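Okay, structure first, notes after.
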Amino acid sequence: MNGPKHKLCTKLSSTYLRKWWITIIIAVLLLIGGVLVACEFSVLINAIVNRMIALRPGSKTFGWWAKPPVEPHISLYVYNVTNADDFLSNGSKAIVDEVGPYVYTETWEKVNIVENDNGTLSYNLRKIYKFREDLSAGPEDDVVIVPNIPMLSATSQSKHAARFLRLAMASIMDILKIKPFVQVSVGQLLWGYEDPLLKLAKDVVPKEQKLPYEEFGLLYGKNGTSSDRVTVFTGTENIKQYGIIDKFNGKTHLPHWTTDNCNRLDGTDGSIFPPHITKDRILEVYDKDLCRLLPLVFEREVDTPNNVPAYRFTPPEWVFADVESHPDNMCYCPAGKPSCSPNGLFNVSLCQYDSPIMLSFPHFYLADDSLRTQVEGISPPMKERHQFYFDVQPTTGTTLRVSARIQINLAVSQVFDIKQVANFPDIIFPILWFEEGIDSLPNEVTDMMRFAENVPPKIRVVLIVSLCTLGLVLLLLSTFCLIRNSHRQSTLHLEGSNYLATAQVDMNKKQNKENPPNGRY
Ligand SMILES: *[C@@H]1O[C@H](CO)[C@@H](O)[C@H](O)[C@H]1NC(C)=O
Ligand SMILES: *[C@@H]1O[C@H](CO)[C@@H](O)[C@H](O)[C@H]1NC(C)=O
Ligand SMILES: *[C@@H]1O[C@H](CO)[C@@H](O)[C@H](O)[C@H]1NC(C)=O
Ligand SMILES: *[C@@H]1O[C@H](CO)[C@@H](O)[C@H](O)[C@H]1NC(C)=O
Ligand SMILES: *[C@@H]1O[C@H](CO)[C@@H](O)[C@H](O)[C@H]1NC(C)=O
C-alpha cells in the first residue's frame with residue numbers, strides 16, 4: 001500500500017530534474033551565443049559590406065562608381081601679374097593679384113567599360129566642364145597677365161644648349177614678337193590659345209620630339225573623353241584591391257622615377273578606397289597630372305554633411321619635402337642632387353613634355369616661406385583654405401568630401417643670351433591654383449553609409465544584451481531551482497528512510513506479538 005506512492009515521487013522528481021538540466025544547457029548555449037556575437041559579428045557584417053560595395057555590373061554601387069551622382073567642381077584662382085613691364089625693365093619684385101574663383105562644374109562618367117574575367121574593369125574617364133558664371137568672380141573672358149609658359153619653358157630648357165641656339169631662339173622670338181608675359185583671357189589660359197612658338201615647333205621640330213598640340217592651355221584637351229585606358233580591380237576577388245588601379249594605359253608602373261616603389265601607380269582614383277579603413281592606414285591616390293602616387297595619412301575625425309562621420313586624410317608634411325629633410329624623396333629626383341626640388345615643390349617636368357612645371361600646395365602651403373615671398377601679393381597660407389584633403393567613410397571606403405588643392409608654378413631659369421628674358425631672374429613663378437572637389441554625396445548614398453555604419457553595431461549590442469540576459473536569467477533560475485530541488489530530494493530521502501525504519505519497528509512489534517519471545521514458554 002505504501003510502494004506506489006514512493007515510485008510516483010521519484011518519477012516526479014526525475015522529470016523535474018531533467019527539465020532543469022535542459023534549461024541550464026539552453027542558458028549556457030545562449031551565453032555562448034552572446035559571446036560569439038560579441039566576437040564574430042563584425043566579421044559577418046564586414047563580409048556583407050564587402051559584398052555590397054564590390055563593383056558588380058548592375059549593382060547600385062557599380063552605378064554610383066560608373067556615373068557618380070555628384071557634382072564635382074573646380075575653382076581656379078589665377079595670379080594676375082600687375083607690374084610685368086617694371087619687373088622686366090628695372091628688376092622690381094613681381095607683384096601678383098590673386099583673381100578668382102573661376103568655377104566650373106563637372107560631370108564624370110566612366111565610358112567604354114569592359115569587364116575582364118580576372119576581377120578587373122577597364123574604362124575611359126569622360127569629364128565635361130561647364131563654366132558657372134554665377135559662382136565665379138567674373139566671366140571666363142576676364143583678361144589676365146601671366147608668364148608665357150611655352151616661351152619660358154623653351155628658354156629655360158635652352159640654358160645648357162649651345163650658345164648659337166640661344167641666339168637663334170632670341171631672333172626667332174623677336175620676329176614672332178613673343179614676350180615673356182602674355183595677356184590672355186582666363187578661358188584661353190585654361191582651354192587653349194594659339195601659341196606661335198608651339199605652332200612653329202610643330203612645323204620644324206623632328207617628328208619624335210613633337211609636342212602634341214599647337215595650342216597651349218593648362219586644361220587643354222581635358223573637356224571630354226580621355227584617351228587614357230584605366231584598368232581597376234573590382235574587389236570581387238580580393239576586397240583589399242577594391243578600386244586599386246591595375247594598369248594605366250597598359251602599364252603597371254610609371255617610367256619617370258628611379259625606384260620601382262616611386263613608379264608604382266597602384267592607388268585608387270580617389271573616389272573609393274579598400275574598405276574598413278583604420279587610422280594607421282596610408283591611402284594612395286593616383287592622378288596622371290600629379291605624375292605619382294599621392295599618399296594620404298589620417299589627420300582627424302570630421303563630420304560631413306548629412307551627418308556621416310568621416311576620417312580626414314591629408315598628404316603628409318613630407319610629401320613634397322626636399323631630399324635633405326626627407327631622403328626617401330630622392331627617387332623623385334632623377335637629375336641628381338643639385339637640381340632636386342626645393343622644399344615644398346614637386347617637379348613634374350617629365351610628365352609635362354619637359355616644361356619646368358613645379359607643383360606645390362596653394363600659397364606654398366607646407367613649403368619654405370621664401371618661395372612665397374619671391375613675388376609680392378600672396379597671402380600666407382591658411383590650412384583651412386589651402387590644405388589638400390579627402391574625407392572618407394571608413395567602413396565602406398567611400399569618399400564623402402574632397403578638396404584637392406594644387407598650385408601650378410613655373411621654374412624659370414635666367415638666360416642672358418636671350419634678350420627678351422635676360423632680366424627674368426631664376427624664380428619659381430606661381431601661375432594659378434585650383435581646388436577640385438566634391439562637397440557632399442546625395443542622400444541616397446549617405447543613407448546607405450549611415451545604415452552600414454550605425455545599424456550593425458546597434459543590432460550587435462541588442463543581440464549581445466538580450467542573449468546574455470536571457471541566458472543569465474535562465475541559468476540563475478535553474479540553478480536556484482536545482483539547489484532547492486536537491487535540498488527537497490535529500491529531505492524526501494530522509495523521510496523515506498525514517499518511514500522504512502518505522503516500518504521495520506512495526507514489523508518487529510507485530511512479529512513479537514505473534515511469536516512472543518522465548519522464555520514465556
Ligand atoms: C589683371 O591685371 C591687368 C593689369 O594690371 C588688368 O588690366 C586686368 O584687369 C587684371 N585682371 C583681372 C581679372 O583683374
Ligand atoms: C621701376 O620703374 C618704375 C617706373 O617705371 C618705378 O616706379 C619703380 O620704382 C622702378 N623700380 C626700381 C626698383 O627701380
Ligand atoms: C586582367 O585582365 C586584363 C585584360 O585582359 C589585363 O590587361 C590585366 O593585366 C589583367 N590583370 C591581372 C592582375 O591579371
Ligand atoms: C565642354 O564640352 C561641352 C560639349 O561636349 C561643351 O558644352 C562645354 O561648353 C565645354 N566646356 C568648356 C569649358 O569648354
Ligand atoms: C626637373 O626635373 C628635370 C628632369 O629630371 C630636370 O632636368 C630639371 O632640372 C628639374 N627642374 C628643376 C627646376 O629642378
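Just so we're clear, the structure is a prediction, and the values are computed from it rather than from any experiment. For ligands, and for the atoms within them, numbers begin at 1 and follow the listed sequence. Residue numbers start at 1 and run along the sequence shown.
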How about [X] and [Y]: does a side-chain donor come under 3.5 Å of a side-chain acceptor?
{"X": "S171", "Y": "D174", "value": "no"}
{"X": "S122", "Y": "T231", "value": "yes"}
{"X": "S355", "Y": "Q352", "value": "no"}
{"X": "S370", "Y": "D368", "value": "no"}

Answer yes if the ring centres of [X] and [Y] are under 6.0 angstrom apart, and no otherwise.
{"X": "F320", "Y": "F361", "value": "yes"}
{"X": "W191", "Y": "Y104", "value": "yes"}
{"X": "F424", "Y": "F181", "value": "yes"}

Inset, instruction - Determine, considering heavy atoms only, which of L190, T107, N223 sits nearest to atom 3 (C) of ligand 4. - result: N223

Inset, instruction - Return yes when D246 approaches ligand 3 closer than 4.0 angstrom through a heavy atom, no otherwise. - result: yes

Provide the number and element of each atom of ligand 5 under 4.0 Å from a heavy atom of [X].
{"X": "P334", "answer": "5 (O)"}
{"X": "S349", "answer": "1 (C), 2 (O), 3 (C), 4 (C)"}
{"X": "N347", "answer": "1 (C), 2 (O), 3 (C), 8 (C), 10 (C), 11 (N), 12 (C), 14 (O)"}

Legend entry - Contact check: K130 vs ligand 4, nitrogen or oxygen atoms, below 3.5 angstrom: no

Legend entry - Contact with ligand 4 for W191, non-hydrogen, under 4.0 angstrom: yes

Around [atom], find the nearest protein heavy atom and jot down its residue, atom name and distance.
{"atom": "atom 5 (O) of ligand 4", "answer": "I128 CD1, 4.1 Å"}
{"atom": "atom 14 (O) of ligand 5", "answer": "S339 O, 2.9 Å"}
{"atom": "atom 9 (O) of ligand 3", "answer": "K247 NZ, 2.9 Å"}

Inset, instruction - Just jot down the ligand 3 atoms closer than 4.0 angstrom to any heavy atom of N116, in number order. - result: 2 (O), 3 (C), 4 (C)

Legend entry - ligand 4 atoms in contact with Y104 (distance to a heavy atom under 4.0 Å): 13 (C)

Inset, instruction - List every atom of ligand 4 that sits less than 4.0 Å from any heavy atom of Y129, numbering the atoms from 1 in the order shown and giving each element. - result: 1 (C), 8 (C), 10 (C), 11 (N), 12 (C), 13 (C)

Inset, instruction - Please confirm whether S341 comes within less than 3.5 Å of ligand 5 when only nitrogen or oxygen atoms on both sides are compared. - result: no

Inset, instruction - Please check atom 7 (O) of ligand 4 for a protein heavy-atom neighbour under 4.0 Å. - result: no

Legend entry - Plane angle bin for F313 and F298 - parallel if under 30°, tilted between 30 and 60°, otherwise perpendicular: perpendicular

Inset, instruction - Applying side-chain hydrogen bond (donor to acceptor under 3.5 Å, both in side chains), run through S92 and D86 and close with a yes or a no. - result: CA-CA 6 Å; S92 345; D86 286 352; 4.7 Å; no

Inset, instruction - May I ask you to check whether N118 has an N/O atom sitting below 3.5 Å from an N/O atom of ligand 3? - result: yes

Inset, instruction - Ignoring hydrogens and angles, tell me if any N or O in the side chain of N148 forms a donor-acceptor pair with the backbone of V182 under 3.5 Å. - result: no

